[in-house]
Protein chains: 2
Amino acid sequence: MSLSDTKERILDSSEYLFARKGFHNTSLRAITDRAGVNLAAVNYHFGSKEALLDAVFQRRLVPLNKVRRDNLEIVRETARQEGSLPGVEESLRAFIEPTLAFPKSGTGAEDFITLVGRAMSDPNDTVRDVFIRHIAPLFHLLFDILREALPELSPDILFWRLQFAIGAMGHAICMAGKSYSLPDGVTPVNDVESLTAMLLDFVTTGMERP
Amino acid sequence: MSLSDTKERILDSSEYLFARKGFHNTSLRAITDRAGVNLAAVNYHFGSKEALLDAVFQRRLVPLNKVRRDNLEIVRETARQEGSLPGVEESLRAFIEPTLAFPKSGTGAEDFITLVGRAMSDPNDTVRDVFIRHIAPLFHLLFDILREALPELSPDILFWRLQFAIGAMGHAICMAGKSYSLPDGVTPVNDVESLTAMLLDFVTTGMERP
DNA sequence: TTTTTTTTCAAACATATGTTTTAATTAAAC
DNA sequence: GTTTAATTAAAACATATGTTTGAAAAAAAA
């Protein structure tokens with residue numbers, strides 16, 4: 001087993017279990033059993049269970065955040081060069097589209113995005129704090145660009161509308177792919193593109209309301 | 001200590017701790033210590049920790065659901081008598097307003113509503129299943145009325161827009177009253193009415209989009 | 001090859017958990 | 001007042017948890 005292989009296996013296994021069972025409801029033994037490594041490997045390689053959670057977020061969130069940040073900067077710069085305001089929909093899309101499309105970026109990424117969908121409102125301080133620490137700068141960037149896009153809107157209202165949008169996205173992520181009991185006439189949606197389109201329609205309309 | 005007093009104290013204490021720490025992260029000892037009762041009282045009065053969770057939901061959700069159901073039925077009946085369609089905003093208001101106003105209904109109700117805000121996307125199967133069992137019929141009723149209100153909308157799109165709205169509401173509940181780091185120019189909102197108004201604006205606009 | 005460092009492994013540690021038991025206490029019924 | 005049932009209390013139970021330890025194995029450096 002190569003050097004970093006053990007760490008990767010632990011990260012994969014943690015991601016899988018944290019997403020399904022939650023952080024506190026997942027034991028190190030369940031993680032290491034699933035990873036096929038020794039129990040002590042977690043504390044050896046990561047130091048603690050909490051540091052492991054941070055590493056799980058770190059591994060996926062750094063590249064994901066880079067895509068989202070680049071997208072947002074492009075929206076901002078393009079508008080600046082054109083002497084116009086950034087569009088609300090394209091600003092939101094810059095953030096939302098990579099998030100919902102992330103599961104397709106590789107094995108285990110679906111697990112991760114479920115974890116993200118839940119992290120924001122996780123009752124566990126550890127989970128929420130670790131996540132917020134990773135996402136806060138990006139959130140502020142999105143907020144700033146939306147301020148440019150909607151200069152007439154008060155910061156308070158914009159802030160809450162953005163919160164509503166993020167809540168909608170998080171919940172959509174949690175629901176997607178799950179098979180709850182659907183009302184009659186509703187078919188389960190499994191392609192990300194149409195879900196993204198529906199979500200963007202919804203949050204853009206809500207955001208642009210006068 | 002009167003007969004039912006112990007049960008009430010346990011319910012209050014559980015509600016408080018479940019909302020702040022989550023179900024799995026709250027121990028029976030923490031609950032009974034806070035309640036000032038003996039550890040064995042939980043299993044004596046409720047049978048198990050899971051049954052206790054169910055009782056916590058039951059106590060508040062039965063009256064809350066009654067208000068929401070009555071409101072929804074009134075909206076439906078009024079429209080029927082007037083020979084018109086139910087309004088989208090009043091339908092959503094019938095569900096959302098009592099939910100966000102619930103914390104004012106009595107001591108401990110703030111804790112409960114936080115619990116509700118998180119329950120929907122709780123990674124713990126127990127919490128989610130118990131909650132969904134309590135909320136499912138009401139959700140279907142709201143869906144049916146919105147179908148009447150927006151007959152031209154496909155069930156699939158309506159379903160997801162309703163999910164977005166519920167996600168927005170749940171997240172708003174989780175955020176309300178918390179003091180995260182706010183962007184410049186944003187002041188913490190502490191009155192429920194204006195939050196409700198903002199949320200209703202947002203989700204109604206998104207729901208009514210052609 | 002020898003030495004040194006890194007990694008793995010099994011076992012133990014200390015503590016925390018939900019639950020059960022049995023006796024004491026309190027309240028209710030007769 | 002006596003008896004019966006309901007409730008409380010302290011302790012123990014069985015198991016699960018995150019973490020640490022110290023020796024063995026593997027890998028890297030010398």
Side-chain angles (χ1 to χ4, degrees), chain A residues 1-59 115 119 122-130, chain B residues 1-59 115 119 122-130:
Chain A
M1 192 175 292
S2 84
L3 190 146
S4 58
D5 205 32
T6 300
K7 290 184 75 167
E8 287 292 318
R9 293 167 69 100
I10 291 174
L11 288 172
D12 290 341
S13 169
S14 308
E15 190 169 64
Y16 180 91
L17 291 166
F18 287 162
R20 280 169 178 72
K21 301 284 185 177
F23 175 70
H24 205 85
N25 211 0
T26 299
S27 70
L28 292 183
R29 283 164 182 81
I31 292 171
T32 51
D33 283 359
R34 187 181 166 80
V37 302
N38 188 271
L39 168 63
V42 169
N43 287 282
Y44 176 77
H45 284 286
F46 297 95
S48 69
K49 191 186 178 186
E50 183 168 339
L52 169 62
L53 177 70
D54 197 280
V56 168
F57 276 116
Q58 182 105 22
R59 178 175 63 155
L115 192 55
D122 199 297
N124 187 286
D125 293 337
T126 307
V127 178
R128 208 176 50 247
D129 292 352
V130 166
Chain B
M1 194 175 291
S2 85
L3 192 147
S4 59
D5 205 33
T6 301
K7 292 184 74 169
E8 287 293 318
R9 294 168 68 100
I10 291 173
L11 288 172
D12 289 342
S13 169
S14 308
E15 192 170 63
Y16 180 91
L17 291 166
F18 287 163
R20 281 167 176 73
K21 300 286 185 176
F23 175 70
H24 208 86
N25 210 1
T26 300
S27 70
L28 292 184
R29 282 165 182 80
I31 291 170
T32 52
D33 283 359
R34 185 179 169 81
V37 302
N38 188 269
L39 168 62
V42 169
N43 288 280
Y44 176 77
H45 284 287
F46 297 95
S48 68
K49 190 186 179 185
E50 181 168 340
L52 168 62
L53 178 70
D54 197 279
V56 168
F57 276 117
Q58 183 104 23
R59 178 175 63 155
L115 193 55
D122 198 296
N124 187 286
D125 293 336
T126 307
V127 178
R128 207 176 51 248
D129 292 352
V130 166

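Given the structure is predicted, the values throughout are model-derived calculations rather than measurements. Labels below follow one simple rule: chain letters A, B, ... track the order of the sequence lines, proteins then strands, and each chain is numbered from 1.
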With a 3.5 Å cut-off and sequence neighbours excluded, list the donor-acceptor pairs that the side chains of residues 11-19 of chain A form with protein atoms.
{"from": "D12(A)", "atom 1": "OD1", "to": "R59(A)", "atom 2": "NH1", "distance (Å)": "2.9"}
{"from": "D12(A)", "atom 1": "OD1", "to": "R59(A)", "atom 2": "NH2", "distance (Å)": "3.0"}
{"from": "S13(A)", "atom 1": "OG", "to": "I31(A)", "atom 2": "O", "distance (Å)": "2.7"}
{"from": "S14(A)", "atom 1": "OG", "to": "I10(A)", "atom 2": "O", "distance (Å)": "2.6"}
{"from": "E15(A)", "atom 1": "OE1", "to": "R59(A)", "atom 2": "NH2", "distance (Å)": "3.4"}
{"from": "E15(A)", "atom 1": "OE1", "to": "R60(A)", "atom 2": "NE", "distance (Å)": "3.3"}
{"from": "E15(A)", "atom 1": "OE1", "to": "R60(A)", "atom 2": "NH2", "distance (Å)": "2.7"}
{"from": "E15(A)", "atom 1": "OE2", "to": "R60(A)", "atom 2": "NE", "distance (Å)": "2.6"}
{"from": "Y16(A)", "atom 1": "OH", "to": "R20(A)", "atom 2": "NE", "distance (Å)": "3.4"}

Who pairs with T126(B) by side-chain hydrogen bond (donor to acceptor under 3.5 Å, both in side chains), at least two apart in sequence or on another chain?
->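 side-chain hydrogen bond (donor to acceptor under 3.5 Å, both in side chains) check on T126(B) returns N124(B).
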Starting from P on dT8(D), measure out to CD on E8(B) and report it in whole angstrom.
-> 13 Å
Whole Å only: how far is the NE2 atom of H45(B) from the C1' atom of dT8(D)?
->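 In whole Å, dT8(D) C1' lies 8 Å from H45(B) NE2.
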Could you write nucleotides 11-23 of chain D as a row of B, S and -, 5' to 3', where a protein heavy atom under 4.0 Å of any base atom gives B, of only sugar-phosphate atoms gives S, and otherwise -?
-> -B----BBBBB--
Do any pairs count as a salt bridge (Lys or Arg N to Asp or Glu O under 4.0 Å) and have a residue in residues 46-55 of chain A, sequence neighbours left out, and if so which ones?
-> D54(A)-R133(A)
dT7(C) phosphate, OP1 or OP2: any side-chain N/O from T6(A) under 4.0 angstrom?
-> no
Between [X] and [Y], what is the shortest heavy-atom contact and its length?
X       : Y      : value
F46(B)  : A51(B) : O-CB, 3.2 Å
A119(A) : F57(A) : CB-CZ, 3.9 Å
T6(A)   : A41(A) : CG2-CB, 4.1 Å

Drop me the distance from L115(B)'s CG to L53(B)'s CG, to the nearest 0.5 angstrom.
->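 Rounded to the nearest 0.5 Å, the CG-CG separation comes out at 7.0 Å.
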Identify the nucleotide, in any strand shown, that forms a Watson-Crick or G-U wobble pair with dA27(C), with both distances under 3.5 Å; if there is none, say none.
-> dT4(D)
Name every residue in residues 51-59 of chain B that has at least one heavy atom under 4.0 Å from any atom of DNA chain C, in order of residue number, or write none if there are no such residues.
->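 Output list: empty, so none.
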Only pairs at least two apart or in different chains count here, so list each side-chain hydrogen bond (donor to acceptor under 3.5 Å, both in side chains) that has a residue in residues 22-44 of chain B.
-> H24(A)-N25(B), N25(A)-H24(B)
